[in-house]
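Only this structure's heavy atoms are used, side chains among them; waters, hydrogens and symmetry mates stay out.
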Amino acid sequence: MSVRTIESVSRRAAMGIGASAAVVLTAFGQAPSQVTEGAIAAVPIDLELTADGSRAVVRSVDEAGSITNNSVISVWDTSTGGALATSANNPANFCIGAGAAVPSPFASDAVRVVGTKGVLIADEVGGSRTLVDIVEASTPSCLSNWALPGTPTSIATDYGGQAHDLDITPDGKWAIVNCRNWIHVFDLSAPTQPPYSRNTGAVGTRPGWSPATFAVEVGQAVDSVVATLDRAIVVQGAEDTGSGFFPIVTIIDLSGATPTFHQIDLRQTMLDLGLSQVDPHDVAITPQLDTYDTPTLAVVTCDYAVSLFDLGAIVHVNTIATPGIWRRYRIQADSVEMTYGRAVVTGWSLSGVPTWSAKVFGLHGNPSHAPVPELVEVASFDGIATSGLVPHDLDIHRDADSALVKLAGQSTSSNLVISALASASPSATFVPSSGTPFADWTNFPGGEVSWVSDSVLTCSVRVAGQDHRYGVTIGGAMGTKISGKVDIVDMDSASLVTTLGGNGSSTYDMPTDIAFSSLKKRLFVRCEAPPDELPPATTGRDVLAANFGQFPPTLEVGNGPFIGGRGLVRRALDSMVVHRNHAISVSENDPDEEPVQTGYVHTVIVP
């Protein structure tokens, strides 16, 4: 998951956790001025907003495979909450070309929008091809539909499907799609032109591997594509029979008239370090100062290893082994975030009771910043004294030169503040939490699995002439039911300011997504609450309200109007996006109560 919008997939626990409501932490104590709920005949899995926030583009799935009755792609007016277009419905034949689709079990992103142009991906029913739709969202129109590859013949060499991740360059020129065996690059200035494609599963693309034709997949990655203005980095993996699973990194040069693919095989690097079964997990790049800034360094995390790449020079710089440290999809969200000179990397060790790990790496050597990139371990922290906690997510507060990590277990959770990142000796402070985790919920009642993709945000707000640097993490209080908890952490003193939320005894408002308004004084949290218990017009424990325009932030509304609508958030990759005072979220019906082929798009507008 990426920092632009948080992703969450959450499955219902047998104790009765069900549907969802967008919980709004409002600033200045003002109630929402508008709440709308629109229904569609499909299950939303991802969404994004146009640059001006006026349109929401939603990707849904239709498991029944009905091409004529689905709403797998829709565009919404965020000022009214109404649908402007839904596929195969309004306008006639809008984006019907790619047909019905089902999500990959290991998808990361399914929608990206830059400006007013959106790209959406999914799997074709049957899973042998990847579906790509390109839309114009301002006055909705479908620019092109693709089912790739055209005629797949062998799963080992050229089957598509397992659509995993995509990104668009900041100028909106190129879109990059990652899936099984393939990388597709679309020229968005000519959307009807076939993509430039690289078949990474083809015979001869991986010399020395055995067999050379084994399918290339994304494996355990949570993010696998990042694009800059003139580069893209794509992470995949494949099995070498008898040796293990190894990452393959492709750097794409987008500076010319056509893309150029440069494939970097890390198999021998990992073998030299004594590693095998090295599943890729996450990728991040050095920050962008503005839209047209071009970052040059990328860090890729895998099971047991961390690698540095120079995107400008298109080279693998070096890899450091982290033996015994796992980074796994659906247990962790992001496992790496970066400043210009540092990378913070998290993972966990499974030897008996899980034990968390957090490391700080220098990108240019240590302690001085050498002109030549080099990945060097600067500091390492582990949770031997607090075993049972797994790092779920992290964010870097660049103003405070610190990072915040959400640590999650089966019955407790906590926060870790890593301070003085730029120094030669960063420090770490354990900040306990009263919230329940967002990690692997397999051992919760009913054996259900829950996935919340983003649980950490950082921000700075100025109150009465003073700057306050916060970190915010979300969790849930475990009781007869689960209710939301929001930890607010002082990033300067590495201490807990307050915890907002319920007690887990009588409420359903378990957080599944989190985002700040553009001014960072209003926090939006998407939560779960039963759809059959609380229709949108009634009241209930579904609104938390906190004022980030004062210090310390305080809970303003404990029991308020139901905001954001009903529906489960079991399969959404992103379940909420925010632009200024707009929060748009998605959900689906409870399959135990109503047909599964129903979804909702909720619009909340706050003064």
Side-chain angles (χ1 to χ4, degrees), residues 5 8 18-27 30-50 52-60 71-87 89-91 94 111 113 118 137-140 509 512-513 515 517-518 522-540 542-545 557 560-569 572 574-590 594 597-607:
T5 299
S8 64
S20 48
V23 169
V24 182
L25 297 166
T26 60
Q30 295 177 320
S33 60
Q34 179 179 333
V35 181
T36 61
E37 179 182 282
I40 52 177
V43 176
I45 61 169
D46 202 3
L47 75 164
E48 276 209 355
L49 294 175
T50 55
D52 63 1
S54 67
R55 302 286 186 267
V57 181
V58 179
R59 189 30 154 138
S60 303
S71 301
V72 294
I73 295 175
S74 55
V75 179
W76 299 75
D77 185 334
T78 59
S79 64
T80 66
L84 296 175
T86 57
S87 56
N89 185 0
N90 175 33
F94 172 72
V111 182
V113 178
S138 55
T139 301
D509 57 0
T512 61
D513 204 351
S517 67
S518 55
R522 179 175 290 124
L523 181 69
F524 293 83
V525 180
R526 173 130 193 121
C527 293
E528 293 199 338
D532 52 343
E533 184 172 306
L534 293 172
T538 65
T539 61
D542 301 295
V543 176
L544 300 176
V557 178
F562 190 97
I563 295 178
R566 53 194 164 176
L568 289 164
V569 191
D574 282 325
S575 63
M576 182 176 63
V577 288
V578 173
H579 182 271
R580 294 182 181 173
N581 63 335
H582 292 63
I584 316 299
S585 58
V586 296
S587 64
E588 64 180 275
N589 246 359
D590 185 345
E594 299 179 60
Q597 298 299 321
T598 302
Y600 302 106
V601 177
H602 317 285
T603 302
V604 175
I605 300 178
V606 183

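Remark: side-chain polar atoms of T50 are paired, donor with acceptor, to backbone N or O of R55 under 3.5 angstrom. Proximity of a side-chain donor or acceptor of D513 to a complementary backbone N or O of M576 within less than 3.5 Å is detected. A donor-acceptor distance shorter than 3.5 angstrom exists from the side chain of S87 to the backbone of V72, with no hydrogens or angles considered. Distance alone, capped at 3.5 Å, places no donor-acceptor pair between the S60 side chain and the A42 backbone. Not a single donor-acceptor pair under 3.5 Å links the side chain of E588 to the backbone N or O of G599. T598 places no side-chain N or O within donor-acceptor distance of the main-chain N or O of A41, the cut-off being under 3.5 Å. A donor-acceptor contact shorter than 3.5 Å links the side chain of D46 to the backbone of V111.
In this model, a donor atom of one side chain and an acceptor atom of the other lie less than 3.5 Å apart for S74 and W76.
Interatomic distance, CD1 of I45 versus OG of S575, reported as 12.5 Å (0.5 Å rounding). Atoms NE2 and CG, from H579 and D52 in turn, are 6.5 Å apart once rounded to the nearest 0.5 Å. Taken to the nearest 0.5 Å, the CG atom of L49 stands 6.0 Å off from the CD1 atom of I584. For the atom pair OG of S587 and CD of E37, the computed distance is 6.5 Å after rounding to the nearest 0.5 Å. Taking NE2 of H602 as the start and OG1 of T36 as the end, the distance is 9.5 Å to the nearest 0.5 Å.
Residues meeting the side chain to side chain donor-acceptor pair (under 3.5 Å) test with D77, sequence neighbours left out: S79. In this view, S138 and E136 satisfy the side chain to side chain donor-acceptor pair (under 3.5 Å) rule, not counting sequence neighbours.
Between T603 and T78, the shortest heavy-atom distance links the atoms CG2-O, 3.4 Å. For V578 against A515, the heavy-atom pair with the smallest separation is CG2-CB, 3.7 Å.
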Run the side-chain contact (heavy atoms from CB on, under 4.5 Å) check on R59 and I73 step by step: do they pass? CA-CA 5 Å; R59 189 30 154 138; I73 295 175; 4.1 Å; yes
